[in-house]
Amino acid sequence: MAQLSDDCFAFGGPMMSVDEAVAIIAARVTAVDETETVSLQAADGRVLADDITAPLPLPPFTNSAVDGYAVRAADLPRETEQPFPVAGRVQAGSSADAAKPGHAVRIFTGAPMPFGTDTVFMQEDVRIDEAGRVVLPAGLKAGANVRPAGEDIPQGQLALKRGQRLRPQHVALAAAFGLTELDVARRIRAAVFSTGDEIASPGTPRAAPQLFDSNRFMLMAMLQRLGCEVSDLGILRDERHSLASALKQAAGRHDLILTSGGVSTGEEDHVKAGVESAGRLVLWRMAIKPGRPVAMGIIDGTPLVGLPGNPVASFVTFVHVVRPTVLALSGALPEQAVAIPVRAGFAYKKKAGRREYVRVSLRRAQDGALEALKFPREGAGLLSSLVDTDGLVELGEDITRVEPGESVGYLGYASLI
Ligand code: AMP
Ligand code: MG
């Protein structure tokens, strides 16, 4: 289990910026050190535990990039086209004999270059004369249409870094090296609780003043996308003692505990009290909207993140606090989503000193530019605002207003989770 000291998340300031939060997490969270070996097929989304240096060059041998005719550079026609007798044929997967000077070899994409040849004419650029010779045009550069061994990756080069979260292209590279399995960090075990007397689990009866739990399913899905092994620990009632003992129990078996709701400073916000009696709590008043307070806690060495109850606030703070925590716990290299400039199709006013995320849909304007349209309502409880939009416009701490037509930074949901 990852163990964290009690003051791990302590923070002195009145309002924490998103960057401060990310920096504290990066500095204080230690990665789990257990690893496991998985097959390539099971490797997508896992975090690589060791560097991989290329055990062979890619491509492993020099080969033709096109279907055509291979010749020696010394024989290349300089001034006018020139006929060449065709001697030999080499296709992908077969080995080539040495080529005779003054001859061309019929060759196909991916076939090894016959010894002595170093240049390939595309079949579209040549013709065959009455004598069956191939007529090659003048002017082709030596080495054209050839993929030299190692041009992609030379043998011995660092090809995949420890901490890389594997995507299909990384798995492809490992396969190209002939590897069959990879050492990866073991999955982070995350426990998820919802809190609140007003929350009912889907599938159970819902009393009139209750609503079905949506956060837990959103958060579990987000954690799963980050490669976590997730325990669904249900709903905690707004009662300090049962809450504290459930959290304490979960701490022993997990690397991370996530709750939603109950972290404001109201009388009925019991997560705060529960964490305080089970372990140690720090409330982060984050300068982020939607967001409000986020609780960070340590229970028997296991980090806890208490997210706000409103679904949109929960979503946004997950992205900024939980995601980097999970990445740090699994030893993954930090990943920062890059905001794409788009044109604001809305006006907006905000306070300086706080980062705000505006839910927007993208559309292609008549002049071809991408334009972000703001969801018409603002509430942090509106699930439709997440469902009916494509992503978030990020407005930095210094910005106080946005005018229609200005350039703003857009983060698609797919880049956030
Ligand atoms: P709280 O932070 O506990 O005051 O909750 C803020 C708002 O979020 C309240 O309206 C809650 O009913 C709502 N909320 C809390 N937890 C959930 C949940 N798991 N699913 C949906 N809404 C929730
Ligand atoms: Mg509550």
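Keep in mind that this is a model prediction, so the values were computed, not measured. Numbering of ligands and ligand atoms starts at 1, following listing order.
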Quick note on ligand 1: atoms under 4.0 Å from a heavy atom of Ser194 include exactly 19 (N)
Would you confirm whether Asp67, through its side chain, and Phe108, through its main-chain N or O, come within 3.5 Å as a donor-acceptor pair? no
For ligand 1 and Gly309, I'd like to know whether there is a polar contact (N/O to N/O, distance under 3.5 Å). yes
If the cut-off is 4.0 Å to any non-hydrogen atom of Leu211, which atoms of ligand 1 fall inside it? 21 (C), 22 (N)
Checking heavy atoms under 4.0 Å, the part of Glu198 that sits near ligand 1 is side chain
closest protein heavy atom to atom 19 (N) of ligand 1 is Asp213 OD1, 2.7 Å
Counting from 1, what ligand 1 atoms have a heavy atom of Ser214 closer than 4.0 Å? 20 (N), 21 (C)
So is Arg216 polar-close to ligand 1, meaning N/O to N/O under 3.5 Å? no
Does Tyr69 have Arg106 sitting over its ring (NZ/CZ under 6.0 Å from centre, angle to axis within 45°)? yes
Only heavy atoms of Gly262, strictly under 4.0 Å: list the atoms of ligand 1 that pass. 1 (P), 2 (O), 3 (O)
Distance from Ile235 atom CD1 to Phe193 atom CZ, nearest 0.5 Å? 11.5 Å
Any donor-acceptor pair under 3.5 Å linking the side chain of Thr62 with the backbone of Ala149? yes
Give me the residue, atom name and distance of the protein heavy atom closest to atom 4 (O) of ligand 1. Asp269 OD1, 3.8 Å
Output for pair (Ser231 OG, His254 NE2), nearest 0.5 Å, gives 2.5 Å
For ligand 1, note which part of Asn215 has a heavy atom under 4.0 Å away: side chain, backbone, both or neither. both
Is there a polar contact, in the sense of an N or O pair closer than 3.5 Å, between Arg292 and ligand 1? no
Which residue and atom name correspond to the protein heavy atom nearest atom 7 (C) of ligand 1, and how close is it? Asn310 OD1, 3.4 Å
Name the residue from Val393, Leu395, Thr400 that meets the side-chain contact (heavy atoms from CB on, under 4.5 Å) definition with Tyr348. Leu395
What are the two closest non-hydrogen atoms of Val263 and Leu307, and how far apart are they? CG2-O, 3.7 Å
Strictly distance-based, threshold 3.5 Å: is any side-chain N or O of Gln157 a donor or acceptor partner for the main-chain N or O of Ala159? no
